[in-house]
Every structure is written in C-alpha cells, then in structure tokens.
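Structure first, commentary second.
Quick note on labels: first sequence line is chain A, next is B, and so on, each numbered from 1. Here the structure is a predicted model, which is why all the values come from computation and not from measurement.
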Amino acid sequence: MERMTEEQVKTIANMLRKRSLWMIHYCTGCGAMELPPTMTSRYDMERFGLAPYVTSRQADILLITGYLNVKTLRRVITVYEQMLDPKYVIGFGSCALNGGVYWDSYAVIKQLDRYIPADLYIAGCMPRPEAIISAFRHLMELIDSGKADGYKRYKRNLAYYKENQRKVLG
Amino acid sequence: MNKSYELFIGPNHPGIPGNFSLKIELEGDTVVSAKGDPGYLHRAFEKAMEGRYYIQNLALIPRICVPEPDINEAAYAMAVEDLMGVEIPERAKYIRTIVLELARVANYTMWLGGLAGTLGLYTLAQWSIGDRDYALDLFSDICGARVYHMYIWPGGVRRDLTPGWEDSVLSYIRYLKNRLIDYDNIFLKNVMFKYRTKGIAVVTKEQAIEWGATGPILKAAGVAQDVRKDDPYAAYEYLDFEIPTLTDGDSWSRAMIRRWELENSLNMIEQAIKKMPKKGPVCAKMPNPLKGYVPEGETYAKVESARGEHGFYMVSDGTGKPYRVAVRGASHTHMFTIAEKVLVGQRLADVSHTLVSLDICPPEIDR
Amino acid sequence: MVKMILIAIGAPLVAFAIGLSFMMIKRKIVARIQRRYGPTIIQPIYDVLKLLVKEDNISHGVIFSLGPIIAIAGSILAVFFIPMAGFSMLTGSGDLIALLYIMAIGSLGMALGAGDSANPNASIGISRALTLMFGYDLPLVIIVISVALQYHTTNLSDIVAAQANGNWTLWTLPLSAIVGFVVTYGALGEHPFDIVTAPHEVATGPMVEYGGKHLGFLMISHAFHIYIEIALFVDLFLGGASNILIFYLKMFAVFFIMIMFDEVLPRFKIDDAVRFYWKWPTVVALISLIIVLVK
Amino acid sequence: MNMSLELLLATPFIGGLLTYIGGKVHRWVRNIFAVLFSLLTLGEMSLFYNTTFKGDVWGSLFGSKLILQTNPITWLFLLIVTSISLLVIVFSVDDMKHEEDHIVLDSYYMQLLFVEGAMIGIVLAGDLITFFMFWEIMSWTSYFLIVHGGKKSMDAGYKYIIMSIIGAYAMFVAIAMIYSKAHSLVYPDVALVLSQSSPTFTIWIIILLGVGFFVKAAVMPLHTWLPDAHSEAPSPVSPLLSGVLIKMGAYGLFIIFYGLMSANLAKNIMPSIFSTPVLLYIVQWLAALSIVLATFLAIMQEDAKRLLAYSSISQIGYVVLGLATGTSLGVAGGLFHALNHAIFKSLLFLAVGAVIYRTGTRNLSDLGGLVKKMPFTFVALVVGIIALAGVPPLNGFVSKWMIYEALLQKKEVFLLIMAFVGSTGAFLYVYRLVHSIFLGQLSQKHENVKDVPILMQIPMWVLVIATVIYGIFPGLAMDVIVKGMKMFGFAPIAYNLYGFPQGSTMGALKVINIASVLMISFVVAWIFFLLFSKSRKVSQYDNYAAGQVVTPELKYNYSFGFYMSFGRVIKPIFKISIERIYNYWVDAAKIFGDYYMRRVYTGNLETYNSYIVIVVTIAAAAVLLGGKIW
C-alpha cells in the first residue's frame with residue numbers, strides 16, 4: 001500500500017514536471033538561433049509551459065544548442081551540476097550528436113553524452129522550430145513515463161563521466 | 001578596503017547576445033573595467049577551411065555568423081570569383097542583392113527585439129522576432145533552409161527563384177512596413193526609450209574613426225561610409241539609396257540608424273525586384289566543383305553586413321583547397337576596441353543594452 | 001469562535017487564490033498583447049507545484065532558507081490587516097500606519113534570505129529593491145496621510161465604512177488615487193519598475209540562487225503580494241466591498257488596467273525611478289494633501 | 001533627609017575610585033570591582049525604583065540649595081543609565097583585554113563609572129547648579145573615554161569637547177541670567193521666575209539652554225561632533241555615548257520645555273503654529289531635518305560605527321520631535337523612544353563591537369558572510385536592526401507609531417512625512433549593515449573567526465530580551481511614562497499592556513496580536529516548507545556566476561557603494577554640506593587661535609605669573625564687592 005502511494009506521488013510529480021519545463025537561458029551554440037522564433041509569437045513555446053529562465057538553479061532543462069567546444073564544456077558541466085534534480089538535457093542538432101560539420105575541428109567536442117547525459121537529441125542543422133517543439137513534446141512523454149532519467153544516470157555513472165571530462169578538460 | 005568587485009555577464013546570462021563572456025569590474029554600480037572573454041564558440045573555421053575543397057567550404061561558412069549567414073556566403077563567393085576572374089550573370093547579381101537585403105531585414109528585426117528585450121520591453125521582442133520568421137519562410141522557399149541557406153555560391157546563386165517568389169517578397173515588405181509603424185509607436189517613439197538610450201555609450205566621430213568602427217556605429221557618429229556605396233558589389237550600383245547618418249553617436253542614434261536602414265533595405269528590395277531581368281542564367285559556367293581549380297593568388301572581398309564591414313581574405317596556392325582564409329568580422333572590432341572602452345563608466349543597467357546597441361555577434365568574434 | 005478560526009484559515013487561502021488567479025490571468029493577457037496564444041490558464045499552478053516537488057533543493061544556510069518563509073509569514077500577517085470584503089480580522093490591532101510597516105516585513109525577510117545567497121547579483125537586486133521601496137514610499141505615505149485626514153481615522157475598516165454608498169475616495173481625492181495607482185506599479189515591480197529582477201542586468205536579482213521549493217515559496221509569496229497591494233488600493237480608493245465577488249471584480253479591474261500599461265513600457269534605471277517617484281507623484285500627492293488640509 | 005539618593009549618586013563615584021585603586025592590585029580585582037559597583041548601582045536603583053523623592057538637599061553653593069529629587073521620568077532615565085552602564089562594563093571586560101597598558105585600563109573603568117555617576121547626577125538634579133556640575137563632569141569624563149580609541153579618536157574627542165564647551169558656556173550664561181533674576185536655581189523657583197518674567201527673557205533662556213542640550217543630543221545643525229566621536233570611541237563606549245549620553249540632551253530638553261516652563265506658559269508667551277509654540281515648532285523642524293538628513297548620510301556610510309552614529313542622530317531626531325509636539329501622545333512617544341533607542345542602539349553598537357573584536361575592522365566592505373561564523377552576534381544584530389527600522393513587533397515600532405499618531409492628530413503633515421521618510425530610509429542602512437557584515441561572501445581572512453566569548457554575549461542577550469519585551473508589552477514602559485507625565489501636567493493617554501485601544505489615537509494598536517499572528521504564520525509556513533524534500537547545503541563558492549566558477553580569490557561580493565545609485569539621487573541635497581561649513585569655521589578658528597595663542601602662551605614664566613596675579617586680583621575684587629561677580 002505504501003509503495004503504491006509512493007508510486008502515485010511519483011506519477012503526479014512527473015505529470016507536473018512535464019507541464020512546466022523551464023529551460024536555462026544559455027545559448028551554447030548556433031542552434032540557439034532557432035530558439036527565439038520558438039519562444040516568440042509565431043511558435044510560442046509557452047503554450048506547453050516551456051519558458052526560458054535565467055539561472056542554473058531555476059531551470060529544469062539544459063539545452064546544448066549545437067556544438068560544444070572545450071571552453072564551453074567546462075561551463076556547461078558547471079551549469080549542469082548546479083541545476084537541481086530532476087534535470088534534463090537535450091542535445092541540439094547534429095553537432096551535439098557527432099560533431100556535425102566540425103567533425104575535424106580540434107576545438108569541438110564530438111559526442112555530447114560522453115560528458116553529460118543527454119535525454120534526447122534533435123537531429124538536423126539547424127533543427128526547425130517544429131522539430132524543437134516536437135522534441136519537447138517527446139521529452140514530456142519521456143518524463144511522464146519516467147524514462148527521462150539522465151540525472152540519475154549521471155549520478156550512477158559519475159566516475160565514467162568524470163573520467164571523460166577529465167580527459168578533455170585536463 | 002575592497003572597493004570593486006567582479007561580475008560576469010555571460011556566458012549563461014540573458015544580458016549577453018550569445019555564448020560569450022564579459023567580465024566586468026564594478027564599483028558600486030559603475031563599471032570600472034570591462035574585459036571580453038571570447039573563445040566559447042571557437043570552432044577553428046579558418047583552419048578547417050584549409051582542409052576542405054572550395055565547394056565543401058560552402059557548408060561551413062554560413063555558420064560563422066548565425067544571425068545573418070548570407071553575408072558570409074556572398075563574401076566567400078566574391079572572393080572565389082575574384083580569384084577565378086569570373087563575372088556573374090546580371091540576374092544573379094539582383095538575386096544576391098535581394099537575398100542579402102532580406103537577410104539584413106531579418107537581422108535588424110531580430111536586433112530590434114533584442115534591444116527592446118534588454119530594456120525590458122518584451123512585447124516588441126515578441127512581435128519583431130515573430131515577424132522576422134516570415135522572412136525566414138521566404139528563404140525556405142528558395143533554398144529549403146530557414147537559417148543556413150548556402151544559396152549564394154561562387155558563380156552566382158545555386159538555383160533560380162521559385163515562381164511567384166517576388167510577389168511573396170513584395171507582400172512581406174508591405175506587411176513589414178505596416179508593422180514598422182507599430183514598432184515605432186510602442187518602442188522607438190516611446191519616451192522611456194529616449195530616456196534610456198540618449199547619451200548612453202557614446203562613440204564620437206573621432207573615436208569611431210580611430211577605433212576602426214564600421215557600419216551603424218560609424219553612421220551614427222556622422223560618417224557616411226558604406227561598402228555598398230563605396231565599393232559596390234552585387235547589384236547595388238544600379239540601385240538608388242541613401243546612407244543615413246546622425247551625429248550624436250549614442251545608443252539612440254544607432255537604434256535610429258538601424259531603423260532607417262531597415263526601411264532602406266525594404267525599399268531596395270522593391271527596387272531590385274522591379275529592375276531585375278526577368279529571365280536569364282543565375283549562375284556563370286563553373287568548372288567541376290570537386291576538381292575545383294582556383295588559380296594561384298590572393299584576394300580580399302568585402303560586403304556590408306548589418307554590423308559593418310565583413311570581409312574574406314583568401315590565399316590560393318592553385319590546389320583544390322584554399323591555402324589560407326581569414327575572416328574579418330565587424331563584431332570583433334566592435335567588441336574589443338569599442339565596447340571595452342565604452343563600457344567603462346557605464347552603469348550596470350546599461351551594460352547589456354550597450355552590447356546589443358553595438359551589435360556584438362559572438363560567433364563572428366570567435367569563428 | 002469556530003467562525004473566527006475558519007476566517008483565520010480561510011482569509012490567507014482566499015487571498016492566495018485571488019493572487020494566483022491574477023498571476024494566471026496576467027500571463028494569458030500578456031501573451032495576447034504579445035500576439036501569442038499563451039500558456040494554459042493554470043500554468044502558474046503547475047509551475048509552483050513543480051517547484052515544490054523538486055527532488056533536490058539547495059540552501060546556502062539557515063537564513064537563505066528562512067527568507068522565503070519570512071516572506072510568506074509577513075504576507076499572511078498583512079492579509080489579516082487588510083479588510084477583505086466585509087470581514088477583517090485584525091484591523092483593530094493595527095492601523096494603516098502599522099500596516100505600512102507590516103507590509104515591509106515580508107520584503108525585508110526576503111532581502112535577508114537573498115543576501116545570504118552570497119551572490120553579488122542578489123545583493124545588487126536587494127540594493128535596488130530597497131532603493132525602489134524608498135522611492136515609492138514617499139508618495140505612498142503622502143496619500144495614506146491624505147486619506148487618513150480625509151476620514152479622520154487611520155483604521156482601515158473605518159475608512160472602508162466611510163466610503164459606503166459609492167462615496168469612494170477615488171471620486172473625492174482623484175489625485176491621490178492616481179498616485180496610489182502609480183505607486184502600486186512600483187510596489188508590485190511591474191514594468192517599468194521591474195528593476196529589481198531585471199534579468200538582462202542582474203539575472204533575476206534576489207532570486208538568483210533560489211530554486212526548487214524555495215523559488216516555489218517565493219512565487220506563492222508573490223501571489224500574496226499581488227493580493228495585498230491591490231486589495232489595499234481597492235480598500236483605500238474604491239471603497240472595499242461587502243462581498244467577495246464585488247471585491248474580486250474591483251481588484252480585477254485595477255489589475256487589468258495595470259497590465260495594459262505594463263506591457264508597453266521599457267524599464268527605468270533605479271535612480272531614475274526614484275527621481276520619478278520623488279518628482280511627479282510626490283508633487284501631485286502633495287497637492288492632494290493640501291486640498292485635504294484646506295478642506 | 002533621605003540618604004538613598006545620595007547613596008545612589010555616590011556609589012559609582014566611590015566605585016570608580018576603588019576600581020582605580022583595585023587596578024593597582026590586580027586586573028581581576030579591577031574588573032570585579034567595576035562590575036560589582038555598577039551592579040550595586042543598578043541594585044540600588046531598582047530598590048528605590050518608582051518611589052518619588054522631593055527635594056533632597058545635599059549641599060549649598062553661593063547660597064543656593066543643591067537638591068536631588070526624583071519623579072517617574074527620572075526613573076525611566078535612571079533605568080537606562082544604570083542598566084546600559086552595567087552591560088557596557090561587562091562587555092568591556094573581554095573587549096578591552098587587548099589593551100596592553102594597565103594604567104590606561106584602570107582609568108578607563110574609573111571614567112566609565114564616573115560617567116555613569118555624572119549621568120545619574122544630571123537626572124537626579126533638582127536645581128540647575130547640580131545639573132550643570134554633573135553635566136560638566138559627564139562631558140569631561142566622556143571626553144577621556146572617547147580618546148581611548150586611538151589616534152583618530154584624539155581629533156574626534158577634540159571636536160566633541162570644543163562643541164561641548166560651547167554648549168556648556170551657553171548653559172552657564174543662561175544659568176547666570178536666571179540666578180541674577182531669581183537668586184535661586186531650584187527648579188520650582190526657576191519655573192516661577194520664568195512665568196513672571198518677560199517673554200524675551202524666557203525665550204533667551206530657552207535658546208541658551210537649548211544650545212547646550214542640542215549639542216549633547218546632536219540635533220542638526222549641531223551634530224557634527226557625533227559621527228566622529230561615536231565611531232572613533234572604543235567599542236564598549238559607543239553604546240554608552242549613543243544609547244545613553246545623548247539622551248541626557250533629550251532629558252534636558254524635556255526639563256526646560258515641561259519642567260521649567262510648562263506648555264501653557266510657552267503658548268502664552270509666543271505665537272503658535274499648528275497649536276505648537278513657535279519655538280517648539282522650530283525645534284520640531286530641526287528634529288525632522290535631523291531625521292531625514294542623518295538618514296541620508298547614514299545610507300551613504302562605508303563604516304559600520306559611523307553608520308550607526310548617523311543613525312543615532314536620526315533616531316534622536318524622533319525623540320526630540322516627539323518631545324516637542326507638546327501633546328501627551330507625542331511626548332510619551334518621545335520618551336518611550338528614548339528608552340527604546342537606548343536599548344536597541346546599545347545592542348547594535350555592542351554587536352558591531354563584537355564583530356570588530358573578532359575581525360579587527362569596522363569597514364563594511366572588508367567584512368561579509370560572518371553569519372556562519374558568528375550566529376549569535378548575527379541574531380543580536382538582526383533584532384537590533386528590526387527594532388531600529390521600526391518594524392513590528394519590536395520596540396522601535398511602538399514608539400515611532402506613537403509619534404506618527406501624535407503628528408497626525410495635530411495635522412503636522414510635513415513633519416510626519418519627514419519622519420516617515422527617515423524611517424523607510426532606515427530600512428536601507430540597517431539592511432546595509434547586516435548585509436555587509438553577515439551576509440554575502442565570507443572573505444578568506446575571516447575563515448577562522450569564532451563567536452565572541454560569553455561575557456560579551458550576555459549584555460547582547462539581555463538587550464535582545466529587553467527589545468522584545470518592550471516591543472510586545474509597551475504598557476510596561478508606558479506605566480512609568482504616563483505616571484511621570486501626569487506630574488508635568490499632561491493629560492493621561494489610554495493604553496494597556498499590549499498597546500493602545502481605539503479612542504485616544506486615530507487608530508488602534510495591539511502589538512501582541514501582530515506578534516502572535518506573525519509567529520503563527522511563520523510556524524505554519526515553516527511546517528509547510530518542511531513537508532517538501534530536504535535541502536542540501538552548498539558552499540558559497542558553488543554559486544551562480546553566469547556559468548563561470550567562483551574561486552576564493554575572486555572578489556565576488558558587492559559591498560562597497562551599496563547605495564551608490566541612490567547617492568546620485570540625493571547628491572544635489574548635499575552640495576551644501578553642513579560639515580564643510582563647520583570645517584571652514586574650524587580652520588578659521590585654528591588660524592585665529594594660533595595667532596593669539598602665541599601672544600598669550602609666550603612660554604615666558606613672567607607672563608604666566610602676571611596672568612595669575614591678574615586673575616587673583618579680579619577674584620579678590622569680586623569677593624570684596626560682596627561675593628557677586630555680576
């Protein structure tokens with residue numbers, strides 16, 4: 001009985017979480033260019049309860065909007081670790097996936113989820129606002145079913161992530 | 001006694017227009033020193049371009065400046081054409097002009113939203129960025145992409161306009177001209193806007209010239225200089241337009257200059273559509289791009305971006321890949337020679353507004 | 001006795017509900033002004049609840065955690081002192097002058113908490129908040145004095161009673177009412193006085209380190225805050241109300257007009273805001289005060 | 001003849017001497033003597049508390065009787081004097097330990113007790129000679145106390161004593177004028193003479209005496225000595241100066257306004273504005289200006305003790321403003337605020353003293369984040385600032401509220417607005433104080449700071465409790481005040497233990513309700529808060545810095561120029577600085593003084609001899625002419 005209620009609490013919490021996703025205001029790469037249209041009057045992300053918030057403490061989603069170079073990665077990790085659980089990461093565009101057009105650049109991190117756990121990727125360069133919104137909808141489904149557990153994975157595999165981060169950042 | 005303290009504007013801060021950091025030292029709420037901290041967006045473009053064929057580089061260059069990618073394509077195409085000695089067809093020139101001006105319009109509407117945002121007027125930001133989106137739809141019509149078009153390429157443009165595109169452009173211009181009246185009423189004619197921007201971040205004529213400012217900063221300081229007029233490219237020499245100037249050089253003047261330029265661009269697009277040859281090739285005959293042969297030599301091609309002079313310096317050693325490429329973005333100058341000096345003595349409340357007013361575009365700084 | 005206890009529990013809940021409903025409506029109306037569809041109407045409830053059920057919360061110390069709690073406690077206290085549609089718990093225990101100070105308790109508690117977050121952004125935010133408070137307090141005090149002299153009492157219930165039968169202060173002292181309206185902007189931190197939390201300047205100021213349930217509490221206290229400021233305006237100038245529906249409608253009218261102006265103004269700089277408040281609103285309020293004195 | 005008042009008066013003086021002698025034996029003998037004798041004084045005070053003694057002759061001078069007397073108002077001030085002195089002496093034991101020189105410390109404790117005795121004497125005085133005598137003893141001993149504070153304090157003390165002397169001369173002239181007319185300086189006689197003499201004479205008396213009291217109470221524009229003296233004095237002395245000593249000025253004003261000349265008398269001899277005699281009205285305005293300008297100055301300070309010193313000027317403005325209203329509510333408010341200010345300002349100075357004791361600096365921008373290291377001092381300071389800001393439910397609120405109501409009843413709206421502005425301004429500087437010292441980032445050099453020893457904490461806790469008790473039960477103090485004011489001919493005001501019922505004032509006040517509802521809602525909110533998942537404590541370096549990492553080396557603390565933007569707003573007001581005008585005068589006086597000093601103090605023994613001869617001749621002539629100098 002007790003487990004049941006705990007389960008129910010989790011369901012309710014997830015239901016609330018998916019309806020109010022605050023993303024951190026951090027334009028890590030050029031994918032951020034398609035965020036203003038998504039936020040503003042034409043696509044109006046706020047319909048889904050998504051809103052940009054300023055500091056790492058307030059936000060739920062970290063958007064890695066495009067490529068990450070080494071200098072940014074350090075800040076992204078700081079920001080990610082400052083965020084409060086539950087927190088979700090969305091990798092934006094092909095650069096976050098595999099380096100994209102910068103596959104041969106010395107400055108760019110090739111694969112995002114070696115360093116921080118990504119819950120979702122959006123393919124494309126750049127992803128269109130429709131794609132972004134569809135990704136958010138998908139994330140909501142994942143949260144609802146409890147599958148968006150990147151923050152748990154990060155805690156579980158902290159050694160792995162730290163090792164990878166250390167290799168790059170030194 | 002610890003008089004001053006440090007504050008970071010960026011990278012994770014709404015007051016910075018992109019992934020860039022500004023480290024400011026403040027005393028009370030007055031800036032004592034400001035130091036830009038670039039490198040968060042460094043992707044080694046110039047190095048990467050040396051390793052790729054000329055045609056491959058086309059995919060890379062629009063990403064140098066995200067808000068207005070087309071200027072990169074134009075400058076790159078012009079540099080390659082210059083090296084190869086190719087003259088592009090008349091119709092391509094006009095199409096390039098229309099696309100470039102449309103990109104400028106898209107940039108300025110977004111910039112206007114950004115400026116209003118830093119001053120706390122989010123309504124205009126919502127309106128103008130929403131209106132910009134219709135311009136992106138027009139791009140999407142001709143090349144299938146909203147942001148990175150890769151439409152202008154060496155020899156002309158990639159493909160001809162879709163039928164009826166000109167009409168959609170004209171109707172968009174009519175729409176935007178009506179909207180501009182609304183923008184003026186809510187923002188540019190607003191008393192509070194004048195109150196906040198008059199006398200802020202002044203760059204005088206002498207300073208602007210000495211510090212190497214270009215674009216709206218220079219025009220706002222009273223120097224009528226514009227690459228489109230002084231060294232015309234594409235079809236600008238056939239178009240009739242004025243270069244607006246103001247004398248104060250403050251944030252208000254820059255906003256006004258951009259507002260006029262926005263209207264200027266709309267008029268230029270109308271003119272270009274009217275004067276454009278209705279038929280004809282849109283691309284000169286070019287050798288096979290994969291075996292692309294560019295003769296030895298070096299060149300500097302420049303265009304007028306929304307922020308100022310944007311140029312490509314390119315050296316070719318006769319192989320399929322460029323030997324050396326250097327990009328001159330206007331933002332770099334504006335950030336490190338102008339903003340760092342202008343910010344000193346400003347109030348904290350004006351910092352992010354000053355950055356937007358000088359139109360700092362971080363990806364252009366880092367490359 | 002039972003009735004008293006019910007009121008004691010009910011009054012803050014009603015106040016919170018009203019404040020929350022205004023937060024909901026505001027987001028929708030603002031969205032429509034900005035040519036957007038806007039969030040679902042109950043979005044603020046989702047936001048608050050989501051923040052409360054965050055699994056992880058951080059704290060910089062006891063004072064940091066106490067900040068939001070004091071903010072809410074002070075707000076609840078103030079709710080009891082403002083006559084709410086016919087019943088008023090504590091208006092006999094403290095008058096209008098006391099209320100001005102009671103309303104400050106929440107803000108000061110919040111300031112203490114934010115100060116403990118050890119972040120200069122928060123410090124600047126508080127410095128701005130207190131300066132702004134000082135700015136709008138001068139005209140506020142003058143209009144409060146005018147109203148008190150007009151009705152020869154500082155007891156809020158009596159002031160409300162004196163305005164019965166449509167004899168509102170709005171009609172008798174229109175200048176004071178206008179100033180009161182302008183002051184309410186500053187007190188609520190609406191545009192152009194959202195200097196305290198200006199994200200582009202100080203990254204949400206005092207709230208910079210608050211997240212999770214702390215931020216949820218701050219949002220709850222903001223709902224109370226909206227209620228308190230507007231209810232005070234309604235009680236002082238629009239004659240209060242005898243039933244909750246009319247009270248709500250009056251408050252809604254005031255709030256609606258506020259949002260209409262709110263979304264078309266860029267924000268002030270802090271010293272300009274103080275200068276503004278000490279110039280026109282003060283002068284107008286003084287004129288109104290002199291009219292009361294001469295009458 | 002009742003010996004009890006003489007005993008009360010003599011205890012601190014005898015104690016002072018014994019303490020000095022005890023210091024020669026061992027420092028602990030000295031410390032214990034000092035604490036013991038101040039405790040004894042407090043004990044005697046509480047033994048006789050609230051009994052009325054009338055006209056206790058203890059000597060005579062120039063044929064004038066020297067009288068000690070009491071009334072309930074006296075006991076109010078005696079309560080302040082004796083209790084704060086005791087707490088200061090207890091606080092001194094640890095705080096002054098760092099002083100190497102034992103002789104200096106011996107005289108320090110002696111002077112502390114002497115100041116206490118002198119203030120008791122002032123309050124107990126039943127005639128102007130006694131009053132003046134102890135007034136001078138107080139000025140000089142407090143001067144010696146101030147100069148204990150180090151190099152800068154010499155200048156501050158110099159400024160203080162010069163202004164005190166000017167005030168004392170003014171008082172002396174006034175007393176001489178009264179004596180020449182009345183041949184007696186006992187209060188009732190003086191009051192009788194004043195009621196019969198011409199208005200011009202009376203007004204001159206008030207002005208001359210008023211200057212003396214204004215200097216001591218530091219009402220603008222005679223305040224310039226206070227910020228220096230109070231901030232440069234040793235930390236335990238500042239509470240005595242700010243909390244108690246300037247109240248003597250307020251007490252003096254109360255005596256001349258309502259003791260020597262009743263309010264009716266004042267109304268008869270001069271025109272009235274807002275039913276206030278014009279002179280009192282001017283005093284009200286001066287007090288209101290003190291409130292506002294000192295608040296503005298306090299906001300701009302960068303030094304913790306200086307900030308508190310300016311705040312003292314502002315708060316004493318409320319006391320004087322209340323006293324000068326002339327209505328029972330206002331005067332009661334003023335007197336109550338004198339008590340409250342003594343409590344919370346002493347508390348604040350002690351708390352800041354504790355911080356200085358541990359960190360060695362009082363520069364606000366060097367401090368920060370101490371809440372984790374000195375939690376008890378933090379609580380004490382927070383209670384103090386809440387009371388100072390006049391926020392319910394602590395004591396500063398009640399007395400300010402009474403003053404506001406009094407002004408509102410009299411429709412003196414502009415004064416009321418100024419009083420309000422000063423009070424809201426107080427939010428700014430008190431927050432600055434607590435933020436810069438205790439909140440924000442802890443600097444690395446204060447990593448190892450501990451809370452102060454128990455002997456320094458006890459005085460603070462006593463004051464914290466007093467602040468809360470007088471805040472929630474204002475009736476405790478009002479008992480004494482109302483009883484005393486009845487003796488001075490004021491109408492009684494309706495009050496009860498918890499505040500003021502409807503009727504006597506324009507609104508009602510019941511502090512216990514405010515306090516209890518606040519407490520309940522706080523507990524409810526807290527319980528609600530605890531329902532949700534627990535919070536994890538993070539270090540101050542794990543902080544939002546726009547994605548950057550905060551390191552200990554980084555100056556990431558906003559403290560200097562906390563209200564710089566506000567400073568820009570009020571800048572035009574301070575273009576004409578009172579301070580600067582004074583400095584012109586001081587410079588001019590120095591040049592003038594240097595020139596003539598050299599002619600007087602030639603360094604030649606014969607010249608000095610001739611001076612002595614001249615003085616002795618004049619004195620002899622005076623005696624021969626019948627013992628009258630005038």
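- Put simply, of C/Ser107, C/Ala104, C/Pro120, C/Gly212, the one with the most heavy-atom pairs under 4.5 Å next to chain D is C/Pro120.
- Contact of D/Val517 with chain C is made through backbone and side chain together, with heavy-atom distances under 4.5 Å.
- Contact annotation for D/Ser539: only backbone heavy atoms (N, CA, C, O) come within less than 4.5 Å of a heavy atom of chain C.
- Heavy atoms of D/Phe528 lying under 4.5 Å from chain C belong to its backbone as well as its side chain.
- A donor-acceptor pair shorter than 3.5 Å cannot be found between the side chains of C/Asp271 and D/Ser565.
- When atom types are taken as modelled, the side chain of D/Gln441 and the backbone of C/Ala118 share a donor-acceptor pair closer than 3.5 angstrom.
- Taken to the nearest 0.5 Å, the CZ atom of C/Arg275 stands 11.0 Å off from the CD1 atom of D/Ile570.
- Contact record, D/Glu405 with C/Thr154: OE2-OG1, 3.5 Å, taken as the closest heavy-atom pair.
- Listed here is the closest heavy atom pair of D/Phe397 and C/Ala98: CZ-CB, 3.5 Å.
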Self-check item: From CA spacing to verdict: side-chain contact (heavy atoms from CB on, under 4.5 Å), C/Leu289, D/Ile417
Solution: CA-CA 11 Å; C/Leu289 177 61; D/Ile417 292 166; 3.8 Å; yes
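- Taking the six-membered ring wherever Trp is involved, the centroid distance between the rings of C/Phe134 and D/Phe427 does not fall below 6.0 Å.
- If you measure heavy-atom distances from C/Asp272 to chain D, you find no contacts under 4.5 Å at all.
- Interface residue C/Ile63: only side-chain heavy atoms are found under 4.5 Å from chain D.
- Note: D/Leu439 leads D/Ile386, D/Leu439, D/Leu442 in heavy-atom pairs under 4.5 Å with chain C.
- Heavy atoms only, all atoms of each residue included: D/Thr424 and C/Met133 are closest at CG2-O, 4.3 Å.
- The shortest heavy-atom contact between C/Asp56 and D/Arg536 is OD2-NH2, 2.8 Å.
- Most heavy-atom pairs under 4.5 Å with chain C: of the set D/Val511, D/Ile299, D/Ile514, this distinction falls to D/Ile514.
- In this structure, the portions of C/Ile69 lying under 4.5 Å from any heavy atom of chain D include both its backbone and its side chain.
- Remark: the D/Ser533 side chain and the C/Asn57 side chain contain an N/O donor-acceptor pair separated by less than 3.5 Å.
- When each of D/Ala546, D/Gly369, D/Ala545, D/Ser423 is checked for heavy-atom pairs under 4.5 Å with chain C, D/Ser423 comes out on top.
- For chain D, the nearby part of C/Asp137 is the side chain; its heavy atoms alone come within less than 4.5 Å.
- Taking each heavy atom of C/Leu130 and D/Leu428 in turn, the nearest pair found is O-CD1, 3.3 Å.
- No part of C/Lys269 comes within reach of chain D, as not one of its non-hydrogen atoms sits under 4.5 angstrom from that chain.
- Judged by distance alone, the side chain of D/Tyr558 and the main-chain N or O of C/Asn119 form no donor-acceptor pair under 3.5 Å.
- Across D/Asn543 and C/Ser117, no two heavy atoms sit closer than the pair ND2-O, 2.9 Å.
- Per-residue heavy-atom pair counts under 4.5 Å with chain D were compared for C/Ala73, C/Gly135, C/Gly61, and the maximum is reached by C/Ala73.
- Heavy-atom distances place the backbone of C/Glu55, and not its side chain, under 4.5 Å from chain D.
- With a 4.5 angstrom heavy-atom cutoff, C/Ile124 touches chain D via backbone and side-chain atoms both.
- With a 4.5 angstrom heavy-atom cutoff, C/Leu96 does not touch chain D via any of its atoms.
- Interface residue D/Val538: backbone and side-chain heavy atoms are both found under 4.5 Å from chain C.
- Interface remark: C/Ala111 contributes backbone and side-chain atoms alike to the contact with chain D (heavy atom separation under 4.5 Å).
- Because its NZ or CZ atom is both nearer than 6.0 Å to the ring centre of D/Phe529 and within 45° of the ring axis, C/Lys213 counts as a cation-pi partner of that residue.
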Quiz prompt | Working for side-chain contact (heavy atoms from CB on, under 4.5 Å), residues D/Lys372 and C/Asp116 | solution = CA-CA 10 Å; D/Lys372 288 163 187 91; C/Asp116 200 23; 3.4 Å; yes
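- Heavy atoms of C/Leu52 lying under 4.5 Å from chain D belong to its backbone as well as its side chain.
- Taking CZ from D/Arg568 and OG1 from C/Thr131, the interatomic distance works out to 10.5 Å, rounded to the nearest 0.5 Å.
- D/Lys510 has no carboxylate O lying under 4.0 Å from a charged side-chain N of C/Asp95, or vice versa, which leaves the two without a salt bridge.
- For the pair C/Ser127 (side chain) and D/Phe562 (backbone), a donor-acceptor distance under 3.5 Å is present.
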